[in-house]
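As structure tokens, the structure follows; a few thoughts come after it.
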Amino acid sequence: LVGRTHHTLRVVASTRLDDRVAMTTRATTCRNVVSTGGMFEGVPSRNGIPFSCAYPSAVATFQRARTAEQRATRASTIVDTAQSMLAEMPPAEITLNGLAKRAGLAPSNVLRYFDSREAVLLELVNRQTEAWLGDLLRHAPPPAADPPVARCAAVARAIAATLDAHHGFCELISVQATVLERRVTTSTVLRFKTTSSRQLERLAQWLADALPELPRAGEEGRLLRLSARMILVAGALWAQHGASEVLAEQLVDHRRTML
């Protein structure tokens, strides 16, 4: 019995020694990182000291993306999260803190990949535009033998139907110029505009195929401006539509109180 007791005490003492060594190593690492201005990604801190330094049981689950592929995957995940939130709420209610919480990140981690909340939503605009454009381009151009008025009506119906199927896209373009293109860096805007220009070129080509009467060689700029204005008008009409719905609901409530 005495021998077993001594053996147990030696095991306990050894375990405690290992724990003390691990804690000392962790504390030394924390001091070195903090003293050199390092950051612990995704780890809550107090007075600049990560909680995991003071509390060894607190283990951070966030892992920094090291490679370009990992960074692209992380950025795509953040945009995926914004897209899922857009299905539940308008863009104005998607906050940086809410987005980060839904993605399982700290707000500072989101800002490692995007300038701001607006930059995330601008990336989502490109994605939503691609989805809408893909649906629209699947509509075959109306028969060339049809009268121009009939072909114009067919184009209008295709555009209206696909816009109606992509409410998230309409929500975003309704606030793109006034909200989303603010609080972002020049490089972010240039990247966004470059992608948007390519998408407008595809839309312009579809319009040209559907309506051969539109300007062709040497006047592609007119088609691009027409495409851009079409999206601009769609966003403006969507914004007015949303405002009208809110006003209508308020008027109904007002009438009920007057009865």
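Here, residue 1 is the first one in the sequence, and each next residue gets the next number.
Contact annotation: the side chain of Arg151 approaches that of Pro212 to within less than 4.5 Å [non-hydrogen atoms, C-beta and beyond]. Looking at heavy atoms from C-beta onward, His139 lies out of side-chain contact with Ile159 at the 4.5 angstrom threshold. Using a 4.5 Å heavy-atom cutoff, the side chains of Cys170 and Leu163 are in contact. Looking only at side-chain heavy atoms (C-beta outward), Ser116 and Leu96 stay at 4.5 Å or farther from each other.
A pairwise comparison of heavy atoms in Val155 and Leu207 identifies CG1-CD2, 3.9 Å as the closest pair. When all heavy atoms of Asp115 and Ala119 are compared, the closest pair comes out as N-CB, 3.7 Å. Closest of all the heavy-atom pairs between Gly168 and Gln128 is C-OE1, 4.0 Å. Nearest heavy atoms, Ala82 versus Leu99: N-CD1, 3.6 Å. Contact record, Pro148 with Glu213: CG-OE2, 3.8 Å, taken as the closest heavy-atom pair. Minimum interatomic distance between Pro142 and Ala210 (heavy atoms only, all atoms of both residues): CD-CB, 3.8 Å.
For Arg202, the salt bridge (Lys or Arg N to Asp or Glu O under 4.0 Å) partners two or more places apart in sequence, or in a different chain, are Glu130.
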Show your working on side chain to side chain contact (heavy atoms under 4.5 Å, CB included) between Glu181 and Glu118 and close with a plain yes or no.
CA-CA 7 Å; Glu181 293 183 6; Glu118 289 76 10; over 6 Å; no
Please test Ser196 against Asn126 for side chain to side chain contact (heavy atoms under 4.5 Å, CB included), starting from the C-alpha separation and ending with a verdict.
CA-CA 7 Å; Ser196 296; Asn126 281 152; 3.4 Å; yes
Derivation and outcome, side chain to side chain contact (heavy atoms under 4.5 Å, CB included), residues Leu124 and Val120
CA-CA 6 Å; Leu124 186 55; Val120 177; 5.8 Å; no
For the pair Val125 and Leu121, evaluate side chain to side chain contact (heavy atoms under 4.5 Å, CB included) and give the outcome as yes or no after the intermediate values.
CA-CA 6 Å; Val125 172; Leu121 294 179; 5.6 Å; no
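One distance of note links CD1 of Ile78 with CG of Asn109; it measures 8.0 Å at 0.5 Å rounding. From Ser174, atom OG reaches atom CG of Leu180 across 8.5 Å, with rounding to the nearest 0.5 Å. Atom OH of residue Tyr113 and atom OG1 of residue Thr73 lie 10.0 Å apart, to the nearest 0.5 angstrom. Taking CZ of Phe169 as the reference point, atom OG1 of Thr129 lies at 4.0 Å (rounded to 0.5 Å). Atom CG of Leu122 sits about 9.5 Å away from atom CZ of Arg191, to the nearest 0.5 Å. In this structure, CD on Glu201 lies 10.0 Å from OG on Ser227, to the nearest 0.5 angstrom.
In this structure, a donor-acceptor pair under 3.5 Å is present between the side chains of Thr185 and Thr188. Side-chain contact check for Trp132 and Thr162: at least one donor-acceptor pair (N or O, by modelled atom type) lies under 3.5 Å. Side chains of Glu69 and Thr67: a donor-acceptor N/O pair is absent below 3.5 angstrom, by distance only.
By the 4.0 Å N-to-carboxylate-O rule, Asp80 lies close enough to Arg127 to be salt-bridged with it.
With hydrogens and angles disregarded, a donor-acceptor distance shorter than 3.5 Å links the side chain of Ser197 to the backbone of Lys193. With hydrogens and angles disregarded, a donor-acceptor distance shorter than 3.5 Å links the side chain of Arg117 to the backbone of Ile94. No donor-acceptor pair closer than 3.5 Å links the side chain of Thr81 to the backbone N or O of Arg102. In this structure a side-chain-to-backbone donor-acceptor pair under 3.5 Å is missing from Trp238 to His167. Using modelled atom types, no side-chain atom of Asp209 and backbone atom of Trp206 make a donor-acceptor pair closer than 3.5 Å.
Cluster annotation: Leu232 and Leu136 are assigned to distinct hydrophobic clusters (Ile/Leu/Val/Met/Phe/Trp/Tyr, side-chain heavy-atom contacts under 4.5 Å, transitive).
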